[in-house]
Number of protein chains: 2
Amino acid sequence: MALGNRKGTNAKLRSAAFKRVRADHSAELAGDYVEMIADLIDDHGEARCTDIAMRLGVANATVVKTLKRLTDQGLVTQEPYRAIFLTGEGWKLAEDGKRKHQIVEQFLLALGVPADTAKIDAEGIEHHVSADTLKAMAKFVSRNPFHSR
Amino acid sequence: MALGNRKGTNAKLRSAAFKRVRADHSAELAGDYVEMIADLIDDHGEARCTDIAMRLGVANATVVKTLKRLTDQGLVTQEPYRAIFLTGEGWKLAEDGKRKHQIVEQFLLALGVPADTAKIDAEGIEHHVSADTLKAMAKFVSRNPFHSR
DNA sequence: TAGAAAGTTTAGCATAGGCTAACTTATATG
DNA sequence: CATATAAGTTAGCCTATGCTAAACTTTCTA
Ligand SMILES: [Mn+2]
Ligand SMILES: [Mn+2]
Ligand SMILES: [Mn+2]
Ligand SMILES: [Mn+2]
């Protein structure tokens with residue numbers, strides 16, 4: 001019953017894949033927020049709602065609501081009408097996310113994708129890259145120093 | 001004002017990236033559904049709610065609700081208590097999606113990612129790959145015939 | 001330092017995409 | 001052919017993510 005077995009295995013793998021995608025998407029917004037907040041703090045000394053809203057391309061109120069969730073999740077701290085800070089956990093998540101994002105974007109560049117496109121595609125792809133794939137991408141980058149065209 | 005200009009350009013590119021990700025996610029579920037329905041019809045002669053639900057790892061009622069949206073979007077046709085069919089537009093979307101999915105998965109394999117991981121990661125990545133990136137991936141696959149390990 | 005401008009928050013709304021439980025219809029089997 | 005089982009549907013609930021408009025606070029500036 002090798003064939004039946006393969007079928008069963010495939011079925012499980014298939015639904016596992018979709019479950020992973022849904023889990024990735026659940027984590028995605030939090031990852032993008034903390035990464036952006038970390039960048040804003042590094043670049044400007046502080047992170048404000050308006051900047052986040054502008055960079056994400058969403059309304060201010062949307063950012064406020066999301067930050068409340070992130071605060072509940074222990075990633076962010078804030079006081080009314082003040083700038084936003086990251087907790088220890090928030091910083092860690094931001095660092096991990098930045099590293100992954102970096103590798104994915106460098107990888108796309110090394111593959112020969114135009115710079116603007118690489119930036120855009122990396123923003124979505126980064127959240128679906130497993131440890132194995134990230135390792136393979138990093139290896140490729142180190143073996144293929146970036147050459148334009 | 002080259003620097004100011006670069007900043008403005010980056011800001012626009014950044015928010016464009018997030019907007020693209022949100023658009024990709026809006027289109028994602030429809031793409032996965034029609035692809036799966038096409039596969040079911042090819043393999044079993046028909047596509048039923050239960051099969052879709054099982055393969056996606058969601059409840060039956062979720063599938064029913066989603067199919068209603070897809071019907072409204074003109075991708076799917078159905079009659080009560082009967083199997084599901086694709087419209088012309090649905091088939092086209094399914095074909096395009098399958099092709100893209102195929103390339104992404106083959107690409108990950110060619111990169112050296114383990115088969116199960118490639119399958120899983122491809123399910124998410126496929127929706128964030130632009131035409132440029134897809135072309136680069138296809139080229140890489142054709143130049144790097146799959147070698148395990 | 002008073003008032004205007006800028007930024008933040010709240011309230012209220014909408015849609016997508018999940019779930020369970022209860023009900024209805026179709027199909028398979030004795 | 002009658003009924004048990006399988007499949008599909010409906011209702012009602014929930015959370016995440018968006019939006020606009022209005023209210024409130026802080027900050028800048030004349
Ligand atoms: Mn991202
Ligand atoms: Mn995604
Ligand atoms: Mn697919
Ligand atoms: Mn997919």
Side-chain angles (χ1 to χ4, degrees), chain A residues 15-34 36-37 40-41 44-85 123-124 127, chain B residues 11 15-37 40-41 44-85 123-124 127:
Chain A
S15 69
F18 288 110
K19 279 175 185 167
R20 241 282 307 277
V21 172
R22 290 193 294 270
D24 291 343
H25 287 162
S26 289
E28 174 160 350
L29 204 70
D32 286 339
Y33 266 73
V34 296
M36 186 174 288
I37 292 167
L40 284 167
I41 292 175
H44 298 355
E46 62 173 21
R48 316 242 34 158
C49 276
T50 316
D51 302 315
I52 299 173
M54 200 120 61
R55 291 182 181 212
L56 285 176
V58 299
N60 224 279
T62 301
V63 171
V64 171
K65 198 187 285 193
T66 302
L67 285 174
K68 211 157 289 172
R69 280 202 309 277
L70 300 187
T71 299
D72 291 345
Q73 290 168 38
L75 297 171
V76 149
T77 58
Q78 48 177 348
E79 279 158 289
Y81 297 97
R82 286 280 121 85
I84 294 132
F85 297 95
E123 193 58 72
H127 305 282
Chain B
S15 69
F18 288 109
K19 279 175 184 167
R20 240 281 307 276
V21 172
R22 290 194 294 270
D24 290 343
H25 286 164
S26 288
E28 174 161 349
L29 203 71
D32 286 338
Y33 266 73
V34 296
E35 191 180 329
M36 185 174 289
I37 292 167
L40 285 167
I41 292 175
H44 299 354
E46 61 175 20
R48 317 242 32 158
C49 275
T50 316
D51 302 314
I52 299 173
M54 200 120 61
R55 293 183 178 211
L56 285 176
V58 299
N60 223 280
T62 301
V63 172
V64 171
K65 198 189 283 193
T66 303
L67 285 174
K68 211 158 288 172
R69 279 203 308 279
L70 300 188
T71 299
D72 290 346
Q73 289 168 41
L75 297 172
V76 149
T77 58
Q78 48 177 347
E79 278 158 290
Y81 298 97
R82 286 278 125 85
I84 295 132
F85 297 95
E123 195 58 72
H127 306 281

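Note that these values count all heavy atoms, side chains included, but never hydrogens, waters or copies made by symmetry. All chains are named by letter (A, B, ...) in the order of the sequence lines, taking the proteins before the strands, and each is independently numbered beginning at 1.
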*asked:* For a 4.0 angstrom threshold against heavy atoms of chain A, report the outermost contacting nucleotides of DNA chain D in 5' to 3' order.
replied: D/dA16 to D/dT27
*Write down the atom of A/I84, the atom of A/C49, and the distance for their closest heavy-atom approach.*
CD1-N, 3.8 Å
_Pairs involving residues 16-30 of chain A, ordered by first then second residue, that meet side chain to side chain donor-acceptor pair (under 3.5 Å) (sequence neighbours left out)_ = A/R20-A/D24, A/R20-B/D121, A/D24-A/H128, A/H25-A/H128, A/H25-B/H25
*Check each residue of residues 62-76 of chain B for a non-hydrogen atom within less than 4.0 Å of any atom in DNA chain D, then write out the ones that pass by number, or none.*
B/V64, B/K65, B/K68
*B/A17: what forms a side-chain contact (heavy atoms from CB on, under 4.5 Å) with it, not counting sequence neighbours?*
A/I120, A/E123
*Set of residues satisfying side-chain contact (heavy atoms from CB on, under 4.5 Å) with respect to A/S15, sequence neighbours excluded*: none
_5'-most by nearest nucleotide on DNA chain D - A/P80 or A/H25_ = A/H25
*Take A/V21 and B/H127 through the side-chain contact (heavy atoms from CB on, under 4.5 Å) test and state the conclusion after the steps.*
CA-CA 11 Å; A/V21 172; B/H127 306 281; 5.9 Å; no
*Which distance, rounded to the nearest 0.5 Å, do you find between the CD1 of A/I41 and the CZ of A/F85?*
6.5 Å
*Is A/M36 close to A/L40 at the side-chain level, that is, under 4.5 Å between some pair of heavy atoms?*
yes
_Close side-chain approach of A/Y33 and A/L56, heavy atoms under 4.5 Å_ = yes
*Between which nucleotides of DNA chain C, read 5' to 3', does contact with chain A run, using atoms under 4.0 Å from its heavy atoms?*
C/dG7 to C/dG18
_For A/D51, give me all partners under salt bridge (Lys or Arg N to Asp or Glu O under 4.0 Å), at least two apart in sequence or on another chain._
none
*DNA chain C: A/R22 or A/N60, which has the more 5' nearest nucleotide?*
A/N60
Got a list of side-chain donor-acceptor pairs under 3.5 Å for residues 63-73 of chain A, not counting sequence neighbours?
unit_1 : atom_1 : unit_2 : atom_2 : d
A/T66  : OG1    : A/T62  : O      : 2.9
A/T71  : OG1    : A/L67  : O      : 2.8
A/T71  : OG1    : A/Q78  : NE2    : 3.2

